[in-house]
Structure formats: C-alpha cells, structure tokens
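What follows is one structure encoded as structure tokens, with my remarks underneath.
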2 protein chains.
Amino acid sequence: MPHTHDHGHCIDTAMAAARRLCEERGARLTPVRRRVLELVWANHKPTGAYELLPQLAQDGFNSAPPTVYRALDFLLELGLIHRISSLNAFIGCDHPGSAHPTGFFICHKCGEATELPPDELSALAERLEALLGVRVEGETHELTGLCSNCRKAA
Amino acid sequence: MPHTHDHGHCIDTAMAAARRLCEERGARLTPVRRRVLELVWANHKPTGAYELLPQLAQDGFNSAPPTVYRALDFLLELGLIHRISSLNAFIGCDHPGSAHPTGFFICHKCGEATELPPDELSALAERLEALLGVRVEGETHELTGLCSNCRKAA
DNA sequence: CGTAGAATTGCTACATTATAACCTAAGGTG
DNA sequence: CACCTTAGGTTATAATGTAGCAATTCTACG
Ligand SMILES: [Zn+2]
Ligand SMILES: [Zn+2]
Ligand SMILES: [Zn+2]
Ligand SMILES: [Zn+2]
C-alpha cells in the first residue's frame with residue numbers, strides 16, 4: 001500500500017524545520033547531513049545506516065560508514081531523527097525542536113513506523129516514577145503489530 | 001552499591017521456574033541452556049551474548065557464538081529472558097510463564113535493570129490501540145535514569 | 001532392544017552494524 | 001593572513017549476529 005499522503009510535502013516540511021533548528025542552535029547543516037536527512041525522510045520507513053551508503057553514492061557523496069554515522073549522530077543530537085534500536089534503523093522525527101520521549105509503532109506488514117504521542121509516553125513515565133521511585137531521564141518505546149491501514153486491508 | 005537482596009535466592013527461584021516451565025511445554029533445558037540462564041541471572045544485569053562466551057568456557061562448554069545465540073533464542077522463546085535491544089543485551093524475566101509486555105528501567109549509574117509492571121504497559125498499549133487504530137502485538141519499553149537506590153545515594 | 005526421525009550442538013565461515021585513529025579540508029574569527 | 005575549531009575522508013578493526021552443514025544426542029515407535 002502506497003502512502004496515503006503527499007510525501008514530498010513531508011520531506012519539505014522536515015527540511016525546513018531542520019534549517020530553522022540548525023540556525024537557532026548555531027549548528028551547520030552541511031551537504032552530507034542535509035542529504036542524509038533527506039534520504040531518511042524519502043525512504044519513509046526505518047532506514048539502516050548501511051542502506052544510506054549506496055544512496056549517498058548516487059549523489060556523488062563518496063562516503064564511508066563513519067561519515068554516515070557521524071551525520072546520523074548529528075541529526076540524533078539535534079532531535080531531527082530517532083533511532084529504533086530493535087531495527088538498528090533511523091527515522092525522521094515528526095516534531096523536531098521540542099524535547100520529547102521517543103516511541104514508535106511499527107507495522108510488521110507494511111513496515112511503516114509512526115511516532116507515538118509524547119504525552120501518552122510522558123504520562124506513563126510519571127506513573128512509573130511514582131511507582132518505582134526512579135528518575136526517568138530517557139525512554140524509547142517500540143511497539144509492533146498491524147497498522148490501521150493494514151487492518152482494514154485484512 | 002551491592003545488591004540489597006539475597007541474589008542466590010533469585011537464581012534458585014529462576015532456575016526452578018525454568019525447570020517447571022520446560023516440563024510443562026515439553027522443552028528440553030539442556031546443560032548449555034541451563035548454564036546460559038544461570039549466567040544471565042548471576043550477572044544480575046543486562047548481559048551481552050559475547051560476555052557469556054568466556055563465562056561458558058570456564059565451565060568447560062567449548063561454545064561458539066551460534067551456540068550461545070541459540071540458547072538465548074530458546075530462552076527468549078519460552079519467555080525466560082528478555083532482550084534489551086538498546087543495550088544488545090539479555091536479562092532474566094521476573095515472572096516467566098505468563099505472556100506479558102516487556103519493559104525495563106535501566107539505571108545509568110549502577111547498571112541494574114528492573115522489569116516494568118506489565119499492567120502499566122498493557123494500559124498504555126490499549127490506549128494507543130484506541131487512539132491510533134492499530135493492533136499491538138509486541139512491545140518493548142526501555143527507560144533510563146537513576147534508580148531509587150542511586151537517587152538516595154546522591 | 002534397534003532403528004528412523006527429530007532436535008540439539010559443534011564448527012567454520014561470513015554478514016551486518018558500529019567505531020577508533022589519524023589525517024586533510026573547510027569554515028569562522030581575530 | 002594566522003589561528004583555531006569543526007567536519008569529512010580513509011583505513012582498519014571492533015562488536016554483534018547468522019548461514020550452512022556435519023556430528024551427535026535424544027525420542028518414538030515397531
Ligand atoms: Zn520525535
Ligand atoms: Zn501496515
Ligand atoms: Zn518478563
Ligand atoms: Zn542505580
């Protein structure tokens with residue numbers, strides 16, 4: 001099932017947000033970093049670092065793994081992308097700029113990953129802090145199953 | 001900070017539960033599998049597959065990576081251990097036998113990982129199913145921060 | 001028993017993911 | 001320009017995880 005939305009628009013919005021955020025923070029959105037971010041968005045699904053290498057090569061970036069990982073680290077640092085560790089993959093953040101807990105729902109049929117609403121995750125974290133007496137500083141949630149599109153199709 | 005509990009007891013309980021569960025399911029808790037489970041519990045913190053190799057060697061198990069991974073897969077399958085993918089590590093399950101959503105709180109100071117209460121996680125999953133229209137089939141949650149012991153110490 | 005079939009492990013090689021170390025190039029700042 | 005900081009290129013290697021097949025052990029059944 002193809003996307004149900006204008007994905008070019010997604011990419012444009014994401015890139016605009018990235019430019020704005022970098023400006024704010026005095027960070028440099030260099031060509032490799034920009035292209036990596038574009039590719040992550042263009043793939044529109046969790047993308048592995050080594051998948052990006054040939055895609056970068058097509059654009060004349062003659063990059064080795066460290067370059068890609070450095071670009072990804074930079075984007076993670078700024079909160080422009082997230083890492084999904086159960087997939088060893090990266091995906092664009094839906095609302096960069098605001099610090100928020102990270103979580104995704106990943107459809108095992110179509111492979112799409114949708115970011116989970118941060119307020120739901122925060123609510124859980126607060127409950128757990130109260131229950132366990134801990135101090136939560138970071139969190140990632142990775143759910144799998146059937147997305148609503150794939151449920152309808154079935 | 002050392003454990004605040006009799007950890008030998010933890011291990012015994014876990015091994016007893018494992019024997020019972022294997023019997024119920026007609027699964028074979030072979031020497032390697034048993035020893036891997038013991039080691040995971042004995043380490044009392046998330047343990048990587050390659051950490052287990054030398055520990056197994058000390059006991060005369062002359063095992064290569066595939067053997068360890070197969071044992072870990074077996075234990076995962078039965079729900080005797082969980083995998084923490086942000087750490088590429090494995091840890092014993094607190095309440096094996098009952099299928100439940102997986103989540104851990106990991107203290108970045110002392111390294112201990114405590115399993116999150118499944119009912120809290122289920123509640124979140126249900127809310128998300130309603131909100132997003134998805135069908136959740138699997139979930140892992142990985143929170144980091146300071147555990148209650150380390151908070152007191154600070 | 002004894003033997004066929006299944007499950008488990010041993011073993012070698014390899015695939016995938018990620019990083020260390022060191023050097024060069026580019027950008028910013030006075 | 002001279003200086004410093006940051007970013008990227010390059011090579012090698014570390015860390016994690018699997019494929020594939022042979023050897024062994026267990027199980028079931030006649
Ligand atoms: Zn996000
Ligand atoms: Zn789907
Ligand atoms: Zn558990
Ligand atoms: Zn702690």
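Naming convention: chains lettered A, B, ... in sequence-line order (proteins, then strands); numbering from 1 in each chain. Nothing here was measured: the structure is a model prediction, and the numbers come from that model.
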To the nearest Å, give me how far apart [atom1] ([X]) and [atom2] ([N]) are.
X        : N       : atom1 : atom2 : answer
Leu53(A) : dT16(C) : CG    : P     : 13 Å
Glu51(A) : dA18(C) : CD    : C1'   : 15 Å
Phe90(A) : dT17(C) : CZ    : C1'   : 9 Å
Leu29(A) : dG27(C) : CG    : P     : 14 Å
Phe61(B) : dT8(C)  : CZ    : P     : 16 Å
Leu87(B) : dG17(D) : CG    : C1'   : 16 Å
Ile84(B) : dT16(D) : CD1   : P     : 14 Å
Glu77(A) : dT6(D)  : CD    : C1'   : 14 Å

Taking atom CD of Glu23(A) as the centre, does the number of heavy atoms from other residues, nucleotides or ligands within less than 6.0 Å exceed 12?
no
Are any of [X]'s side-chain N or O atoms less than 4.0 Å away from OP1 or OP2 of [N]?
X        : N       : result
Thr30(B) : dT25(D) : no
Thr67(B) : dC11(C) : no
Tyr69(A) : dA18(C) : yes
Arg35(A) : dG8(D)  : no
Asn62(B) : dT9(C)  : no
Ser63(B) : dT9(C)  : no
Arg33(A) : dA7(D)  : yes

On the side chain of Arg70(B), is there an atom forming a donor-acceptor pair with the base of dG10(C) - under 3.5 Å, no angle test?
yes
Using a strict 4.0 Å threshold on nitrogen-to-oxygen distance, state whether Arg25(A) and Glu77(A) make a salt bridge.
no
Determine, for Glu129(A) against Arg151(B), whether the closest basic-nitrogen to carboxylate-oxygen distance falls under 4.0 angstrom.
no
Is the His7(A) ring parallel, tilted or perpendicular to the Trp41(A) ring (thresholds 30°, 60°)?
tilted
Among the candidates dT11(D), dA18(C), dC11(C), find the nucleotide nearest to the side-chain atoms of Ala64(A).
dT11(D)
Among dG17(D), dA18(C), dT19(C), find the nucleotide with the atom closest to the side chain of Pro66(A).
dT19(C)
Spacing of CD1 belonging to Ile81(A) relative to CZ belonging to Phe90(A), to within rounding of 0.5 Å
6.0 Å
First encountered from the 5' end of DNA chain D, between Arg28(B) and Asn88(B)
Asn88(B)
Is there ring stacking between Tyr50(A) and dT16(C), where the centres must be under 5.5 angstrom apart and the planes under 30 degrees?
no
